[in-house]
Number of protein chains: 2
Amino acid sequence: MANPMYRQIAEDLRLKIESGELGHGDQLPTEIELREKYDASRNTVRDAIKWLMTRGLVETRPGQGTFVVARIEPYVTILTGEADGSAGAGDIYVNEVKATRRTPTATVPRVEIQQIAGVVAEELQIAENTTVVSRHQQRSIDGIPFSLQTSFYPMSLVERGAIKLIQAEDIPHGAVAYLRDNLKVRQVGYRDTVTVRAPDPNETAFFKLPDDGRVAVYEIRRTAFDQSGHPCRLTVSVYPADRNQFTVNVGEVPPEILTRPASDQSRQHQ
Amino acid sequence: MANPMYRQIAEDLRLKIESGELGHGDQLPTEIELREKYDASRNTVRDAIKWLMTRGLVETRPGQGTFVVARIEPYVTILTGEADGSAGAGDIYVNEVKATRRTPTATVPRVEIQQIAGVVAEELQIAENTTVVSRHQQRSIDGIPFSLQTSFYPMSLVERGAIKLIQAEDIPHGAVAYLRDNLKVRQVGYRDTVTVRAPDPNETAFFKLPDDGRVAVYEIRRTAFDQSGHPCRLTVSVYPADRNQFTVNVGEVPPEILTRPASDQSRQHQ
DNA sequence: AACGATTTGTTCGTATGTATC
DNA sequence: TGATACATACGAACAAATCGT
């Protein structure tokens, strides 16, 4: 009574999905069938479906029908690791590879020299409109788009001889080892900042996300510090939120056995 | 041409918002005005607004109008800290307080003894349908809903004398210190798992989120380990994704100066 | 390869309800 | 109370994608 009709239809379908009556991947009745079943107009049925779609419960495929979304097994990325740069650590991607045991690929870095402002300048603790080197890569795992990553380095590192930073090709053993061995710039620690936001159009396209902004993305900024306590790199990584999770280990933590996606039973709120 | 009209209208409005022509909190033209401006029907204009709403760019207020959403200054929570339980660390909330310097409040714990399954049993490494103690709290900062938190403890801890775990009142210096001083159960480390998902109805209500599922929530599971390497606690915390961010420090990291929300300038993807 | 049937997507018009000022 | 503005609901028509024949 209080609720509009499209909500009642939506809640009814939602129940059928969450009770398991409609399993993952199952097709819902067509809009025409729902229109007859609930004695509503097609537009009202579509409003109900739209409501379910916003919540990520169903997806529509033109010419085919409406389907309950399939659950996705998330990738797990460990944010904590060795800080000293050994074993390539401090590089988010290495952890990903270890964690997933899948075959990763990455595009050739797109290198740009640019003036920066805002968050980048702030995290690198340099003045706005200073020039920095940015190295951008698209990363995939088993051919599936996985992350977009951009690293920013102060131009001073290049001036001190780190010319590989401005070459558009992979740095064999990683930038961390390269800077340590050539410039004696040791990475002694890093700070990760985890945020979640709506994807921009580029990200939507690369990750093949539904083009409404319903699936969010993680943005993880890793600011790395050298032995002098100054930031020597900022890496911004973006991951789709619906198929990724992150792990942080502190202190003595036994090796992980297995991981599961977000809670089913652990939701005990009321 | 390729795009439907409602998308073109939406993109045009989006541009005006992102370029700053329409500032945060500004009112958009009414649907009637937009209908005339773009020479479309009111329904089409509403489709465009719906598209912007899904992306969290605008909000509608019945009887008033459509407004550009105001940006929210995020709370910052540090996930890494001392693992040994000193200074109450290992308790997420303590870090929050330190990080925000605001006045936190929390409801009296709701204590339940229940059989658990799924993720909880898995993280605590105990058999399914074993009994555990759960302690649930709603936390606020300056009166604003902040997080929902549920901690699970193996029943064996109570049997060994930790009776305060089953009392519905705060444990003065924190459960970590209580278990250490009374049961010699030291927390030597923990593992945090960060996921993002749509809020359930309870979370939507508590956090006063828009009742479409557009704002996601973080779910952070903290599994704490004692000196024997066994899990002694699982804490599940839920935060709204639109006003929270998390920090992870590894290695030597200088003290934080200030933090800013998700990137503006750091988005360099293409 | 072509066509028709099915299904969702877009757009219009219209009417009425409800919230706010 | 009335005016304004968004919310819901109906009906209709055509477009576009998909699939099987």
Side-chain angles (χ1 to χ4, degrees), chain A residues 1-14 17 22 25-70 204 208-214, chain B residues 1-14 17 22 25-70 204 208-214:
Chain A
M1 191 76 56
N3 272 3
M5 192 188 304
Y6 80 94
R7 280 286 300 266
Q8 296 181 32
I9 298 174
E11 298 284 7
D12 188 59
L13 290 170
R14 178 202 186 120
I17 292 169
L22 285 165
D26 283 4
Q27 180 170 8
L28 269 66
T30 67
E31 292 173 356
I32 307 297
E33 288 167 341
L34 290 173
R35 173 182 153 284
E36 288 160 3
K37 175 171 179 183
Y38 292 103
D39 194 30
S41 79
R42 187 178 158 224
N43 277 335
T44 301
V45 167
R46 281 177 61 75
D47 280 346
I49 291 174
K50 225 170 277 178
W51 191 86
L52 293 168
M53 233 181 337
T54 308
R55 256 137 279 248
L57 291 172
V58 304
E59 63 183 350
T60 56
R61 299 179 206 147
Q64 296 188 55
T66 305
F67 300 83
V68 181
V69 296
T204 298
K208 297 181 176 48
L209 298 177
D211 84 330
D212 54 16
R214 153 169 66 73
Chain B
M1 191 72 60
N3 272 4
M5 194 188 303
Y6 79 95
R7 281 289 300 266
Q8 295 180 33
I9 297 174
E11 298 285 6
D12 189 58
L13 290 170
R14 178 202 186 121
I17 292 170
L22 287 165
D26 284 4
Q27 180 170 7
L28 270 66
T30 68
E31 293 175 353
I32 307 297
E33 289 167 341
L34 289 173
R35 175 181 154 285
E36 289 161 3
K37 175 172 178 184
Y38 292 104
D39 194 31
S41 81
R42 188 176 155 230
N43 277 336
T44 302
V45 167
R46 281 179 59 76
D47 281 345
I49 291 175
K50 220 170 284 177
W51 190 87
L52 293 168
M53 230 181 338
T54 308
R55 255 139 280 247
L57 291 172
V58 304
E59 63 183 351
T60 56
R61 299 179 207 148
Q64 296 188 54
T66 306
F67 300 83
V68 181
V69 297
T204 299
K208 297 182 176 47
L209 298 177
D211 84 329
D212 53 19
R214 152 168 70 70

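Naming: A, B, ... by sequence-line order, numbering from 1 per chain.
Atom C1' of nucleotide dT18(D) and atom CZ of F67(A) are separated by 10 Å, given to the nearest angstrom. Between L28(B) atom CG and dC6(D) atom P the separation is 9 Å, expressed in whole Å. To the nearest angstrom, P of dA7(D) lies 16 Å from CH2 of W51(A). Atom-to-atom, CD of Q8(B) to C1' of dT10(C) comes out at 12 Å; the value is rounded to the nearest Å. The separation between L34(B) atom CG and dT4(D) atom C1' is 15 Å, rounded to whole Å. Per the geometry, CZ belonging to R42(A) stands 8 Å off P belonging to dG9(C), to the nearest Å. Atom CD of E31(A) and atom C1' of dC14(D) are 15 Å apart (whole Å). Whole-Å rounding puts the N3(A) CG to dG17(C) P distance at 18 Å.
Minimum atom distance to the side chain of N43(A) is reached by dC10(D), of the listed dC10(D), dA7(D), dT8(C). Nearest to the side chain of S41(B), among dC12(C), dT8(D), dT10(C), sits dC12(C). Distance from the side chain of Y6(B) is smallest for dT11(C) among the nucleotides dA17(D), dT11(C), dC12(C).
Rounding to the nearest 0.5 Å gives a distance of 14.5 Å between OG1 of T44(A) and CZ of R7(A).
Close to dT7(C), at under 4.0 Å from its OP1 or OP2, lies no side-chain N or O of T60(A). The shortest distance between the side-chain N/O atoms of T66(B) and the OP1/OP2 oxygens of dC6(D) is below 4.0 Å. Neither OP1 nor OP2 of dA9(D) sits under 4.0 Å from any side-chain N or O of T44(A). Remark: Q64(A) is in phosphate contact with dC19(D), judged by side-chain N or O atoms under 4.0 Å from OP1 or OP2.
The minimum heavy-atom distance between R35(A) and A40(A), with the atom names listed, is CG-O, 2.8 Å. The two atoms that bring V68(B) and L22(B) nearest to each other are CG2-CB, 4.0 Å, heavy atoms only.
Each of Q27(A) and M5(B) lies near DNA chain C, and the nucleotide nearest Q27(A) is the one positioned closer to the 5' end. The nearest heavy atom of DNA chain D to G63(A) and to V45(A) marks one nucleotide each, and the one closer to the 5' end goes with V45(A).
Residue-to-nucleotide contacts include no donor-acceptor pair under 3.5 Å from the side chain of R61(B) to the base of dA7(D).
In this structure a side-chain-to-backbone donor-acceptor pair under 3.5 Å is missing from Q64(B) to Q27(B). Remark: side-chain polar atoms of E31(B) are not paired, donor with acceptor, to backbone N or O of V45(B) under 3.5 angstrom.
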